[in-house]
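All remarks here apply to the structure that follows.
Within every chain, numbering begins at 1; the chains are lettered A, B, ... in the order of the sequence lines, protein sequences first and strands thereafter. All heavy atoms count here, side chains included; hydrogens, waters and symmetry mates do not.
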Protein chains: 2
Amino acid sequence: MSYYNFVDRPSKQRIQEMADQLHLKVSPDAVHLFLDFQLAYREVEKNYESLVASFDLSESRFIILMFLYYAEDKQLLPSEIAHKLGVTKPTISKLLRGMAQQGLVSSHQSQSDKRVRDVQLTTAGEKLLRTFLPYNYRSSSLLFEDFTAEEKQQFAHLLRKLLKSKDKIQQLEEDYHEHGKN
Amino acid sequence: MSYYNFVDRPSKQRIQEMADQLHLKVSPDAVHLFLDFQLAYREVEKNYESLVASFDLSESRFIILMFLYYAEDKQLLPSEIAHKLGVTKPTISKLLRGMAQQGLVSSHQSQSDKRVRDVQLTTAGEKLLRTFLPYNYRSSSLLFEDFTAEEKQQFAHLLRKLLKSKDKIQQLEEDYHEHGKN
DNA sequence: TTCATTTAGTTAGCCGGCTAACTAAATGAA
DNA sequence: TTCATTTAGTTAGCCGGCTAACTAAATGAA
């Protein structure tokens with residue numbers, strides 16, 4: 001069975017009804033648009049992750065291979081990779097252990113600092129990266145194939161705008177912690 | 001420390017260089033735009049999930065409360081909830097067990113079909129839902145606050161277009177399974 | 001009426017995230 | 001030079017996803 005994220009999506013009417021019931025003066029458009037955004041991402045990402053998985057990779061593992069490929073001596077520290085990828089140390093620890101088992105990276109204790117392990121891209125890792133990369137390029141190209149140059153520009157603009165607004169949600173959360181709970 | 005998803009993003013130049021190296025005739029724009037899309041979603045979603053977590057909920061738990069609220073007798077079967085939410089049976093099984101422990105739902109074996117458990121929204125569950133809902137509306141409103149009506153319409157249009165293109169990635173994967181592996 | 005098939009749900013175990021708590025090593029101020 | 005502090009990494013255990021394999025009950029064709 002093929003699962004579709006969030007099958008039962010509320011209609012604008014239902015969103016409006018609920019808002020009225022709660023005496024909220026809001027437009028249902030924004031809620032609906034946020035759901036559209038989430039759905040679009042999740043459906044696209046599901047197919048993208050599935051493509052990546054065909055190569056025995058995950059998106060994170062692929063990006064780690066890219067980081068190593070571009071690093072000096074094709075080598076980085078776990079903490080550097082964690083920072084670049086934007087994940088915590090325990091997460092990178094698990095990912096690298098898995099990639100080492102796959103033979104995509106190798107790691108050795110550093111001589112200069114014995115707390116540290118140098119993570120090295122293996123030839124197998126580089127080979128897999130080169131095999132997958134064309135598919136990665138193609139997937140993005142296909143995804144935006146039907147977009148005009150103007151539409152692509154618009155989309156980038158709207159995404160930037162959205163990204164800037166994310167702090168407002170954080171602000172809302174802080175307001176709740178300060179006042180809302182009482 | 002505040003983590004930022006995927007800190008080290010490749011520049012268009014780097015994307016172009018790699019494409020040249022692989023002799024791929026692709027524009028780096030699409031790859032870059034896909035990364036923008038992923039980043040925007042993940043950053044927004046991170047803050048949204050954090051807001052939801054302030055109410056001892058996750059997005060999935062919140063949506064389940066909504067389904068139950070709108071259901072006849074405020075009651076559904078696990079399999080119905082799984083279908084509406086678009087997740088597998090094991091996932092819903094875990095979620096509902098957690099929500100029952102929180103006291104948000106209760107469940108009882110059905111008389112008519114003994115394989116089945118009726119999941120019921122509790123008064124505590126409904127109360128929490130009513131507390132959180134205004135924040136949910138506000139978060140979406142804030143997110144799109146700076147969008148003009150036209151921009152919202154454009155965004156919805158572009159997201160629909162993107163959603164339609166997701167099948168091309170699946171097609172690419174099928175092509176790989178058939179031909180690419182040889 | 002029986003028995004193979006279907007349906008509903010759970011359990012085990014994996015992945016990629018997280019936090020909390022830990023060990024080991026390096027650092028730097030007194 | 002010492003020792004508190006910082007830094008690097010791991011382990012345990014949680015969450016929300018998944019697949020595979022299972023049990024129990026309902027169903028429907030012979």
* To do: For Pro90(B) and for Lys94(A), find the nucleotide of DNA chain C with the closest heavy atom, then tell me which residue's nucleotide is more 5'.
  => Pro90(B)
* Integer-rounded Å distance: dT10(D) P and Lys114(A) NZ -> 17 Å
* To do: Would you classify Thr91(B) as touching base, sugar-phosphate or nothing, given that sugar-phosphate means primed atoms plus P, OP1 and OP2, and contacts are heavy atoms under 4.0 Å?
  => base
* **Listed nucleotide nearest any side-chain atom of Pro78(B), set dG9(C), dG9(D), dG16(D)** => dG9(C)
* Asked: So, do Phe132(A) and Tyr135(A) have ring centers that fall under 6.0 Å from each other?
  -> no
* Asked: Quick one: is the NZ or CZ of Lys74(A) closer than 6.0 Å to the six-membered ring centre of Tyr69(A), and within 45° of its axis?
  -> yes
* Where the side chain of Ser93(B) is defined as all heavy atoms beyond and including C-beta, which of dG17(D), dC15(D), dT10(C) is the nearest nucleotide? -> dT10(C)
* So what is the 5' to 3' dot-bracket string for DNA chain C, if pairs are Watson-Crick or G-U wobble with both distances under 3.5 Å, crossing pairs use [ ] and | means the partner sits on another strand? -> ||||||||||||||||||||||||||||||
* **Contact nearer the 5' end of DNA chain C, comparing Arg117(B) with Asp113(A)** => Arg117(B)
* Counting any heavy atom closer than 4.0 Å, what does Arg42(A) reach on the DNA or RNA strands: base, sugar-phosphate only, or nothing? -> nothing
* Assign Ser79(A) to base, sugar-phosphate, or nothing according to its heavy-atom contacts below 4.0 angstrom with the strands shown. => sugar-phosphate
* Partners of His108(B) by side chain to side chain contact (heavy atoms under 4.5 Å, CB included), sequence neighbours excluded? -> Ser106(B)
* Protein-nucleotide distance (Met99(A), atom CE; dC14(C), atom P), rounded to Å -> 20 Å
* To do: Rounded off to whole Å, could you give me the CD-to-C1' distance for the Gln109(A) and dT7(D) pair?
  => 15 Å
* **Atom pair distance, as rounded to whole Å: NE2 in His83(A) and C1' in dA8(D)** => 15 Å
* Asked: Without hydrogens or angle criteria, can the side chains of Ser165(B) and Glu145(A) be said to hold a donor-acceptor pair below 3.5 Å?
  -> no
* To do: Please find out if less than 6.0 Å separates the ring center of Phe62(A) from that of Phe55(A).
  => no
* Asked: Of the nucleotides dG17(C), dG9(C), dG17(D), which has the atom closest to the Val87(B) side chain?
  -> dG17(D)
* Start at the 5' end of DNA chain D and walk down; is the nucleotide closest to Leu57(B) or to Arg115(A) reached first? -> Arg115(A)
* Asked: Hey, does the side chain of Glu174(A) reach the backbone of Ile169(A) with a donor-acceptor pair shorter than 3.5 angstrom?
  -> no
* Mind calculating the distance between CD (Glu49(A)) and C1' (dC18(D)) to the nearest angstrom? => 12 Å
* To do: Look at all strands and tell whether Leu95(A) reaches a base, only sugar-phosphate, or nothing, counting heavy atoms closer than 4.0 Å.
  => sugar-phosphate
* Asked: Roughly, in whole Å, what's the span from CD in Glu45(B) to P in dC15(D)?
  -> 18 Å
* Check whether any side-chain N or O of Ser58(B) sits under 4.0 Å from OP1 or OP2 of dG16(D), and answer yes or no. => yes
* Do Lys84(A)'s NZ or CZ and the ring of Phe67(A) fall within the cation-pi criteria of under 6.0 Å and 45°? -> yes
Using atom types as modelled, flag every donor-acceptor pair under 3.5 Å from a side chain in residues 29-39 of chain B to any protein atom, sequence neighbours excluded.
{"residue": "Asp36(B)", "atom": "OD1", "partner": "Arg9(B)", "partner atom": "NH1", "Å": "3.4"}
{"residue": "Asp36(B)", "atom": "OD1", "partner": "Arg9(B)", "partner atom": "NH2", "Å": "3.0"}
{"residue": "Gln38(B)", "atom": "NE2", "partner": "Glu45(A)", "partner atom": "OE1", "Å": "3.0"}
{"residue": "Gln38(B)", "atom": "NE2", "partner": "Glu59(A)", "partner atom": "OE1", "Å": "3.3"}
{"residue": "Gln38(B)", "atom": "NE2", "partner": "Glu59(A)", "partner atom": "OE2", "Å": "2.9"}

* Structure fact -> In whole angstroms, the gap separating P of dG16(D) from CD of Gln101(B) amounts to 11 Å
* At under 4.0 Å, does any side-chain N or O of Thr88(B) touch on OP1 or OP2 of dC18(D)? -> yes
* Rounded to whole angstrom units, what separation is found between the CG atom of Asp56(A) and the P atom of dG16(C)? -> 11 Å
